[in-house]
Amino acid sequence: MSLRFFNTYSRQLEDFEPRDPASRKLDIYTCGPTVYSRAHIGNFRAYIFEDLLQRHLELRGYKVHRVMNITDVDDKTIRGAREAKIALQKFTEQFKQAFFEDIETLRIKRADEFPSATDQRYIDRMIEMINTLVSRGLAYQAEDKSVYFRINKFPDYGKLAHFDLTQLQSTGRVKHDEYDKEHIGDFALWKAWDEEDGDVAWESPWGRGRPGWHIECSAMATALLGDQIDIHCGGVDNIFPHHEAEIAQSEGVTGKKFVRYWLHCAHLLVDGQKMSKSLGNFYTLPDLLKKGYTGRDIRYALMRVHYRAPLNFTWEGMEEARQALARIDEWLVRLRETAGDKIDNKNVDLELGQQFEEALDDDLNISAALGFLFESIRETNRAMDRGELDAASAKAWLNWWERVNSVLALEIETAVVLPADVAQLAEQRENARREKNWKRSDELRDRILELGWETRDTKDGQKLAPHVKV
RNA sequence: GGCGGGGUAGCCAAGUGGUAAGGUCGCGGUCUGCAAAACCGCUAUUCGCGGGUUCGAUUCCCGCCCCCGCCUCCA
């Protein structure tokens, strides 16, 4: 089966074919964070979806070039910097740092480029694009000195969101400059400076000001990836107006179809409502780490539901993630033991089926893919229980897992080294057990547990594992 | 009101015109001196509701209900 994705533009599943299939190269542009505060895990759901997409495309042999922008100038960043009484750049820098820490914790592959909106190179590009739009009559400078996109001149405007422009209703979320714009739907390309902006301003043919939000993505995407890109992703809330505006701006300048496949991720909900900063119902990564969950627990919890379905965040879901991962961990330990000295044999051939990647081919059907993984785990465990899995087969499964894990990125970090004091207590306990001194053995078990290690008495003797606090 | 997404077991969730994957919880078993952990097994006569098409519908069609989102700077 070939790869297929649900394209927001057509609202249909489409077979995937990049611009240049022969080269196996493709470009992805993804909308990144606005760095005015720490991103919340709802934001990361989108980034994890994009990571899954990239990793799966790579498993399928594509060379992915991905760009993720950083929005480091807008109303919120300016307000934040003013309140903190520090320069905009200094203010946003801390959240950029935090963002990079968080994506590392979540094992999200870094994009090839992380362009910032305030980079002079892109400011220049934005001005150049706006100039072209103005010269073509697609944009105009209004009374308030800001420059707006004239949506009536762009017939395709509204096609991505499937909106009828005459039906647009204000939600009151945004203040309108209704008196200055020709049409309520016209959006700002360049915002004229006002007092609130302080020293945040760039010179332009239209006077001092700053870029509108949408234009940065058009500028950075076309500057780094050219006039046409294969895949563009983001959260569903970006469909309108942001991505709609990007299409209008980019195509208004280049005259070419901007994006081949638009992929959008549904929201993370909490208590059945969208997780968002404005509602205040959000968690950040450090919030969850403080509760004892690891980056991969969170990765699993955010990844396990199909990207187009809403995902309700719950503590029960976090617990489920932790348990499911423990199951994978144990399976790998067993497989490695079974593989024995075949462990380094890279030549083990395997005919273990393609069901995992085939599920992902189908619009990233992660649930079906995980279903197949866990089925495989149960079957191999059963075989190992009976002693029917030979070393070569175990190694074959490990090789298979490597492929799977290149997409999931869920394998536990290399085993933690046993601290000396724990090792010593463990040895004493071994001795106590040999003498069948159960009282002493149990005491030592408690003391080892206090040090954060769990004792497991198996057929092959005592084993220790880090204790996960619940 | 317009445009989307979703409604399948206690919870999460896949799926197909032919009789419901998987995870988690719970229960039972194996192992153990006892535990814990792990592993194995069991757990939906039924897929929001009502019609229709069909030999057969959770799946297709029609109508309705509920939840969530977007409707001009939110991932």
Side-chain angles (χ1 to χ4, degrees), chain A residues 8 11 30-34 39-50 71 74-76 151 158 161-171 173-176 181 184-188 191 212-214 216 233-242 244-245 264-269 272-279 300-301 304-306 308-312 314 316-317 319-324 326-327 329-331 333-334 359 365-375 377-378 381-382 384-386 433 436-438 441-442 445 449 454-459 463 465 467-468:
Chain A
T8 307
R11 308 272 184 199
T30 52
C31 287
T34 301
H40 59 68
I41 55 170
N43 302 120
F44 287 112
R45 182 190 187 194
Y47 307 140
I48 285 173
F49 142 64
E50 289 152 5
T71 300
D74 80 321
D75 291 353
K76 283 178 285 217
I151 61 167
H162 295 219
F163 281 164
D164 175 356
L165 295 179
T166 62
Q167 298 279 323
L168 288 188
Q169 281 186 13
S170 172
T171 53
R173 208 184 66 193
V174 177
K175 274 186 226 132
H176 295 287
K181 295 195 286 189
I184 189 174
D186 289 352
F187 55 89
K191 297 185 129 180
W213 175 41
H214 316 301
E216 65 172 88
C233 314
V236 284
D237 48 1
N238 272 160
I239 296 171
F240 197 88
H242 186 54
E244 196 69 62
H264 291 97
C265 175
H267 282 131
L268 183 67
L269 309 179
Q273 285 205 302
K274 175 179 158 183
M275 180 176 288
S276 76
K277 300 256 173 79
S278 49
L279 291 171
Y300 183 93
R304 66 192 225 283
V305 174
H306 188 266
R308 281 193 291 118
L311 164 54
N312 200 15
T314 60
E316 208 178 349
E319 213 43 52
E320 179 187 326
R322 175 185 277 168
Q323 288 306 121
R327 192 169 164 80
D329 296 344
E330 294 293 337
W331 176 64
V333 168
R334 270 186 98 177
N365 189 343
I366 186 70
S367 304
L370 289 173
F372 180 67
L373 168 64
F374 283 107
E375 247 175 87
I377 288 176
R378 185 156 37 77
N381 274 334
R382 216 182 285 155
M384 285 188 280
D385 281 353
R386 293 198 212 100
R433 293 179 65 71
K436 298 204 190 296
N437 185 347
W438 307 127
S441 164
D442 291 353
R445 178 163 70 197
L449 186 63
E454 206 169 79
T455 327
R456 303 177 180 180
D457 297 315
T458 73
K459 274 185 298 212
K463 286 179 183 171
H467 177 64
V468 179

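Below, chain A is the first sequence line, B the second, and so on; all start at residue 1.
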Closest non-hydrogen atoms of A:R445 and A:T455, given as atom of the first, atom of the second and distance, are CG-OG1, 3.6 Å
Polar pair under 3.5 Å, donor/acceptor by atom type, side chain A:E316, base B:G10
yes
Would you mind telling me which of B:A13, B:U72, B:G33 lies closest to the side-chain atoms of A:S441?
B:G33
Measure from CG on A:L370 to C1' on B:G15 and round the result to the nearest Å.
15 Å
Using the C1' atom as the reference point in each nucleotide, state the distance between B:C3 and B:C12 in Å, no decimals.
28 Å
Side chain of A:W438, heavy atoms from C-beta onward: which of B:C68, B:C12, B:G33 has the nearest atom to it?
B:G33
Considering only side-chain heavy atoms of A:V236, which listed nucleotide, B:G23, B:G69, B:C40, is closest?
B:G69
So what does A:N365 touch, heavy atoms closer than 4.0 Å: a base, only the sugar-phosphate, or nothing?
sugar-phosphate
Considering only the P atoms, how many Å lie between B:C60 and B:G18, rounded to the nearest integer?
11 Å
I'd like the P distance from B:U24 over to B:A38, given in whole Å.
9 Å
I want to check something: taking the side chain as every heavy atom from C-beta on, are A:T30 and A:F49 in contact at a cut-off of under 4.5 Å?
no
Using the side-chain heavy atoms of A:R11, tell me which of these nucleotides is nearest: B:G4, B:A14, B:C39.
B:G4
For A:T34, which contact category applies under a 4.0 Å heavy-atom criterion: base, sugar-phosphate, or nothing?
sugar-phosphate
Does a side-chain N-to-carboxylate-O contact under 4.0 Å join A:D385 and A:R334?
yes
Within the structure shown, what part of the strands sits under 4.0 Å from A:H267 by heavy-atom distance: base, sugar-phosphate, or nothing?
base
Quiz question: going by heavy-atom distance under 3.5 Å, is there a donor-acceptor pair between the base of B:C34 and the side chain of A:R445?
yes
Looking at A:R322 and A:E319, is any side-chain nitrogen of the basic one under 4.0 Å from a carboxylate oxygen of the acidic one?
yes
Report which part of the nucleic acid A:K76 touches: base, sugar-phosphate, or nothing (heavy-atom distance under 4.0 Å, all strands).
sugar-phosphate
Mind checking whether A:Q273 and A:H267 have side chains closer than 4.5 Å, heavy atoms only?
no
Taking OP1 and OP2 of B:A35, is either one under 4.0 Å from a side-chain nitrogen or oxygen of A:R456?
no
Looking for any heavy atom pair under 4.0 Å, which part of the strands does A:T30 touch: base, sugar-phosphate only, or nothing?
nothing
For the side chain of A:D385 and the base of B:G41, is some donor closer than 3.5 Å to an acceptor across the two?
no
Identify whether any heavy atom of A:L268 sits under 4.0 Å from a base atom; if not, whether one sits that close to sugar-phosphate; answer base, sugar-phosphate or nothing.
base
Within the 4.0 Å heavy-atom criterion, would you say A:I239 contacts the bases, only the backbone, or no part of the nucleic acid?
nothing
Given atom CZ of A:F240 and atom P of B:C3, what is their separation to the nearest angstrom?
15 Å
So, do A:H242 and A:F240 sit near enough that their side-chain heavy atoms are less than 4.5 Å apart?
no
Tell me the stems RNA chain B sits in, counting at least three consecutive Watson-Crick or G-U wobble pairs, each under 3.5 Å on both distances.
B:1-7 with B:65-71, B:10-12 with B:22-24, B:26-30 with B:38-42, B:48-52 with B:60-64
OP1 or OP2 of B:G22 sitting under 4.0 Å from any side-chain N/O of A:R327?
no
Side chains of A:W213 and A:D75: closer than 4.5 Å at any heavy-atom pair?
no
Looking at every strand, decide which applies to A:A188 at a 4.0 Å heavy-atom threshold: base, sugar-phosphate, or nothing.
base
Rounded to whole Å, NE2 of A:H214 lies from P of B:U72 at a distance of 11 Å
Pick the C1' atom in B:U54 and in B:C62, then give their distance to the nearest Å.
16 Å
Looking at every strand, decide which applies to A:A266 at a 4.0 Å heavy-atom threshold: base, sugar-phosphate, or nothing.
base
Write down the distance separating the P atoms in B:U45 and B:C11, rounded off to the nearest Å.
14 Å
By nearest nucleotide on RNA chain B, pick out whichever of A:A321 and A:R433 is the more 5' one.
A:A321
Would you indicate, yes or no, if B:C70 has its OP1 or OP2 atom less than 4.0 angstrom from a side-chain nitrogen or oxygen of A:K274?
yes
Sticking with atom P, work out how far B:C66 lies from B:C27, rounded to a whole angstrom.
38 Å
B:C25, OP1 or OP2 - any side-chain N/O from A:Q323 closer than 4.0 Å?
yes
Of the listed B:G6, B:C3, B:G22, the closest approach to the A:P310 side chain comes from B:G6
Could you check whether A:Y47 gets within reach of a base, just the sugar-phosphate, or nothing at all, counting any heavy atom under 4.0 Å?
sugar-phosphate
If I pick the C1' atom on B:G28 and the same atom on B:G15, what distance separates them, to the nearest angstrom?
29 Å
Would you mind reporting whether A:T314 and A:E320 have side-chain heavy atoms less than 4.5 Å apart?
no
Whole-Å gap separating P (B:A38) and CH2 (A:W331)
16 Å
Compare all side-chain heavy atoms of A:K76 with those of A:K277 and state whether any distance is below 4.5 angstrom.
no
Rounded to whole angstroms, how far apart are CG on A:L269 and P on B:C70?
11 Å
4.5 Å side-chain heavy-atom contact, A:H40 and A:L268:
no
Roughly, in whole Å, what's the span from CG in A:L311 to P in B:C12?
11 Å
Between B:U32 (C1') and A:K463 (NZ): distance, integer Å:
14 Å
A:R11 to A:A161 - nearest heavy-atom pair and separation:
NH2-O, 3.2 Å
Remember a base hit wins even if backbone is also touched, and classify A:F374 as base, sugar-phosphate or nothing at under 4.0 Å, heavy atoms.
sugar-phosphate
For atom C1', what is the distance between B:G6 and B:U32, given to the nearest Å?
47 Å
I want to check something: taking the side chain as every heavy atom from C-beta on, are A:V236 and A:R308 in contact at a cut-off of under 4.5 Å?
no
Assign A:M275 to base, sugar-phosphate, or nothing according to its heavy-atom contacts below 4.0 angstrom with the strands shown.
base
So, is A:R378 near the phosphate of B:G22, with a side-chain N or O under 4.0 Å from OP1 or OP2?
yes
At less than 3.5 Å, do the side-chain atoms of A:D457 and the base atoms of B:A35 form a donor-acceptor pair?
yes
Pick the closest RNA chain B nucleotide for A:R334 and for A:E320 by heavy atoms, then say which residue is nearer the 5' end.
A:E320
How is A:H242 classified with respect to the nucleic acid when contacts are heavy atoms under 4.0 Å: base, sugar-phosphate, or nothing?
nothing
Identify whether any heavy atom of A:G317 sits under 4.0 Å from a base atom; if not, whether one sits that close to sugar-phosphate; answer base, sugar-phosphate or nothing.
nothing
OP1 or OP2 of B:G69 less than 4.0 angstrom from a side-chain nitrogen or oxygen of A:R308, does that happen here?
no
Report yes if a side-chain nitrogen or oxygen of A:N381 is closer than 4.0 Å to either non-bridging phosphate oxygen (OP1 or OP2) of B:C40; otherwise report no.
yes
